[in-house]
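Inspection log for the structure reproduced underneath, given as structure tokens.
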There are 4 protein chains.
Amino acid sequence: MRGKHKTDNNEHKQFIDNRSISSSKDEGLIESKQLQIVEGAYKLFLTKGFHPTSIREIAEACNMSMGQLYHYISSKDDVLYLVHKHFHKIMYDFLKTQKLEEYVSPVEKLINFIKANLYFVNQNKKLIQFISTETKYLQKDYLKDVLAMEKESTIGLYHQLLVEINKEIPIIADLEILASILAYLVAFLPMKGWTVNEDSLDDVNRCILDLVFRGLGQSVLQEAEKFLI
Amino acid sequence: MRGKHKTDNNEHKQFIDNRSISSSKDEGLIESKQLQIVEGAYKLFLTKGFHPTSIREIAEACNMSMGQLYHYISSKDDVLYLVHKHFHKIMYDFLKTQKLEEYVSPVEKLINFIKANLYFVNQNKKLIQFISTETKYLQKDYLKDVLAMEKESTIGLYHQLLVEINKEIPIIADLEILASILAYLVAFLPMKGWTVNEDSLDDVNRCILDLVFRGLGQSVLQEAEKFLI
Amino acid sequence: MRGKHKTDNNEHKQFIDNRSISSSKDEGLIESKQLQIVEGAYKLFLTKGFHPTSIREIAEACNMSMGQLYHYISSKDDVLYLVHKHFHKIMYDFLKTQKLEEYVSPVEKLINFIKANLYFVNQNKKLIQFISTETKYLQKDYLKDVLAMEKESTIGLYHQLLVEINKEIPIIADLEILASILAYLVAFLPMKGWTVNEDSLDDVNRCILDLVFRGLGQSVLQEAEKFLI
Amino acid sequence: MRGKHKTDNNEHKQFIDNRSISSSKDEGLIESKQLQIVEGAYKLFLTKGFHPTSIREIAEACNMSMGQLYHYISSKDDVLYLVHKHFHKIMYDFLKTQKLEEYVSPVEKLINFIKANLYFVNQNKKLIQFISTETKYLQKDYLKDVLAMEKESTIGLYHQLLVEINKEIPIIADLEILASILAYLVAFLPMKGWTVNEDSLDDVNRCILDLVFRGLGQSVLQEAEKFLI
DNA sequence: GATGAATGAGGCTTCATTCAT
DNA sequence: AATGAATGAAGCCTCATTCAT
């Protein structure tokens, strides 16, 4: 009834169009208001979680009236989607700007990429935890969309790097699966960190890096040892 | 406000006492009724998640009246706790009965332990996913309790095995952290499974095993290669 | 989800079961509470109409909390249905008790039946008007149910009487259609009453009676003239 | 509160002036825009009813912005009024153009008039039903206006014809009441048609015609029988 | 004159929990 | 000990209408 989830047939748009969520017509306004919503909502989500956060609280947090809020979303589920989308964007943007071109060795690139990812993940523990735990509450269409987004961004970057390494040093593994696993592994601390001493953040990161680079095989490790401090 | 969270001062009891949750006095009855609750509730939780499941649905699912239900729990949160406790128990029980004594080599023990764990995890995808994503909604005291339980059971088993290996082949890593990471890694598929082809379950498991055993270092790998098919 | 509209397969129950509307288990209680709801709601409906009456007003009018109200209905639509059902019951009960057995001539029976119906209709103008104008807002299943009810009660009684007459004096018309038309005609005043002077109620009734009995044909009229004052 | 209900004191204008509804000054524009509104709105009303149709839907359906819409009406109620007015106009226009002058006998005129009315009514079932059921939601002043309109148009035409007949063949009845009843009777099918087999439209019409012409008395019937097929 | 974003009260419904029976 | 009816606050969402641009 409320035209959401209409996936755009326009082949240049691969993801769900924000305009299908909002009843507004001004696309620029939609974008800016939805950002305002995300910024208001995600802080609440991080502390309380999705379900315990009420739509009224969200409206307050982003300084909107209920009516205005619903002008730019069509249901509470949309907020969850918008937060996911935003998260994947900022994480992707962060990882993308890591100037990996500076490094010649693809292994060195991967090392620094993982380090960057670990850094980001530890700077955004709560957000990572939120995303990991509430993704399942996305509606079907949104879920598909978000998973596709993830695969094309973060996981995609891992995959590229693995492919690059594989050209020089063969990695005996399915690179797509490996990319997914690496992206998952890196989120260990926000997800399970509580079982680990808070102080040992560096130890954990080291442990993950070691596991990964040893795990990629003897030849990769030899190369990697040059760069692992 | 309500009588929950009374941590038992009895130093021999390390976990929260069920009797502090129930207003009943017959401990056997409490146990059996709470099991009934868990069995009714967890199926709902797996499909709908914790918050979207209502206490009334739970009562129906476990064939209890509201009154009876509240006789054995003191709030909905208790159900979440009971399900967690139950999960850790069955997972621990499963892993415990893996007859690892049969194997002489500690590395072989670990291999088979991880395989068993992967098997369990894949047999209980939804449950694993539920536990991983809703743990954060446990109340503080319950959370502490559950994390302690986890550390003493699954993670504990990993730790023991690593210690055993370490006696023979030194592992350069904090074994506690490593144990946590391994336990986390094994849950990859249920958590991220959707991004991976259903058929490639074996590929994924293989990938994880390889990553781990290469990751434990050259010496462990050499030993492991004898047993990895 | 909320099991309403489950038409009972039990062949003795032809109409929608009240228990499918309520989440209560005590059938006697359901009946009495639903009556309480109908009595609270219908007065509001008569003055304000269905949509302008809020569910909160209904709860107040029948001295129930919101929660209690929804224990005995599952949506506002149910109230509309209950009011319809109640209306058809009381109208049927009234018409049924008209002791038409006293009259020998079937034509006289019809005369007195119509008179009774006109009387009832004029005593319950607002109610008749409400029912006639809001029936269309019944949900599909409820609509079917209510129309069936009507056909079996009021219209059914008209039909029986026409059949009885027809045995003695042939009526050249489809008796089912005629029965429907008569039932409709009788509601003229509540429906259009506003266009007609209040005082002329008797004139209108006379006019309708005349129209009908002349309308049934010369032979019926001759018989009828004996009884029409 | 808002500028509606200003009844015009100008004694030559008997109906509510459209300009009192609109804030525009160009009367031609008002007329054309209000027609646009009526045409957009009435389709929605026919399917959903008055209250369930939102003013936003109306704006969309008639391709107007909210602002423009409210330029030509001053509240949602106005739309209901405009639709009523429009309905009475088109029905009156249709009936007026029935070239009854062709017939010499006033009884034949009435026969053909009723047939035309039945035809119109069956062509516009949903509209008739809508008007009949939602008139009660007109605001007081509008209601008075609409009822006066009806009396002067459709009912008026019936009345004229009855008077004409009455000159030749006395009808023993209050002709005003009779006119109202006839106009009401003719709407039987849209209002109660659902209780009657869909196919039997012709039977129903026949039944109504018979009822009416027999109902007007023996002498009228004799005359009528010449023309009733 | 025209737009459509903004308002915020109020719509219907559900909920965890209690307590009279 | 057991029942399930009762509570009423709070849930999400929509609405007719206004007014800054």
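Predicted model, so just to flag it, every value in this text is computed and none were measured. Throughout, a chain's letter reflects where its sequence line sits, starting with A, and its residues are numbered from 1. Computed over heavy atoms, backbone and side chain alike; hydrogens, waters and symmetry mates excluded.
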Exercise for the section: Would you indicate which nucleotide in E:dA5, E:dG8, F:dA5 comes nearest to any side-chain atom of C:K25? Expected result: F:dA5
Practice task
Please determine, for the side chain of D:M66, which listed nucleotide (E:dT17, F:dG8, F:dT17) has the closest atom?
Solution key: F:dT17
Problem - Residue D:S54, side-chain heavy atoms: nucleotide from F:dA16, F:dA5, F:dA2 that is nearest - result: F:dA16
Exercise for the section: Describe the nucleic acid contact of C:K33 in one word from base, sugar-phosphate, nothing, applying a heavy-atom distance below 4.0 Å. Expected result: sugar-phosphate
Practice task
Taking the side chain as every heavy atom from C-beta outward, state whether D:T135 and D:I131 have any pair of such atoms under 4.5 Å apart.
Solution key: yes
Handout entry: Spacing of D:I30 atom CD1 relative to E:dA2 atom P, expressed in whole Å
Key = 12 Å
Completion exercise
Per atom distances to the C:Y72 side chain, the nearest of F:dT17, F:dG8, F:dA5 is F:dA5
Exercise for the section: Can you tell me the distance, in whole Å, between the CD atom of A:E57 and the P atom of F:dC12? Expected result: 8 Å
Exercise for the section: Report the distance from atom CE of D:M64 to atom C1' of F:dA16, rounded to the nearest whole Å. Expected result: 17 Å
Completion exercise
Separation of E:dT14 atom P from A:H51 atom NE2, nearest Å, is 15 Å
Problem - Separation of F:dT18 P from D:R56 CZ (nearest whole Å) - result: 14 Å
Practice task
Mind calculating the distance between OH (C:Y70) and P (F:dA9) to the nearest angstrom?
Solution key: 17 Å
Exercise for the section: Specify the residue among C:L29 and A:G67 whose closest nucleotide of DNA chain F lies further upstream toward the 5′ end. Expected result: C:L29
Exercise for the section: Nearest whole angstrom, please: distance from the P of E:dG11 to the CD of C:E60. Expected result: 10 Å
Practice task
Specify the residue among A:P52 and C:S24 whose closest nucleotide of DNA chain F lies further upstream toward the 5′ end.
Solution key: C:S24
Completion exercise
On DNA chain E, more 5' by nearest nucleotide between B:F50 and A:S23 is A:S23
Completion exercise
In this structure, CD of C:Q34 is separated from CD1 of C:I73 (nearest 0.5 Å) by 9.0 Å
Practice task
Start with the C-alpha gap between D:K43 and D:E57, add the side-chain angles, then the distance that decides, and say whether salt bridge (Lys or Arg N to Asp or Glu O under 4.0 Å) holds.
Solution key: CA-CA 11 Å; D:K43 281 177 220 156; D:E57 288 172 308; over 6 Å; no
Handout entry: Listed nucleotide nearest any side-chain atom of C:H71, set F:dC12, F:dG4, E:dA6
Key = F:dG4
Practice task
Classify the nucleic acid contact of C:T53 as base, sugar-phosphate or nothing, counting any heavy atom under 4.0 Å across all strands shown.
Solution key: sugar-phosphate
Handout entry: Charged tip of A:K76 within 45° of A:F50 ring normal and under 6.0 Å
Key = yes
Handout entry: Complement of F:dC19, any strand, by Watson-Crick or G-U distances under 3.5 angstrom
Key = E:dG4
Exercise for the section: Output the distance between atom CG (B:L82) and atom CG (B:D77), rounded to the nearest 0.5 Å. Expected result: 11.0 Å
Exercise for the section: Determine: side-chain N/O of C:Q68 to OP1/OP2 of F:dT7, distance under 4.0 Å, yes or no. Expected result: yes
Completion exercise
Atom CD1 of C:I55 and atom C1' of E:dT14 are separated, to the nearest Å, by 13 Å
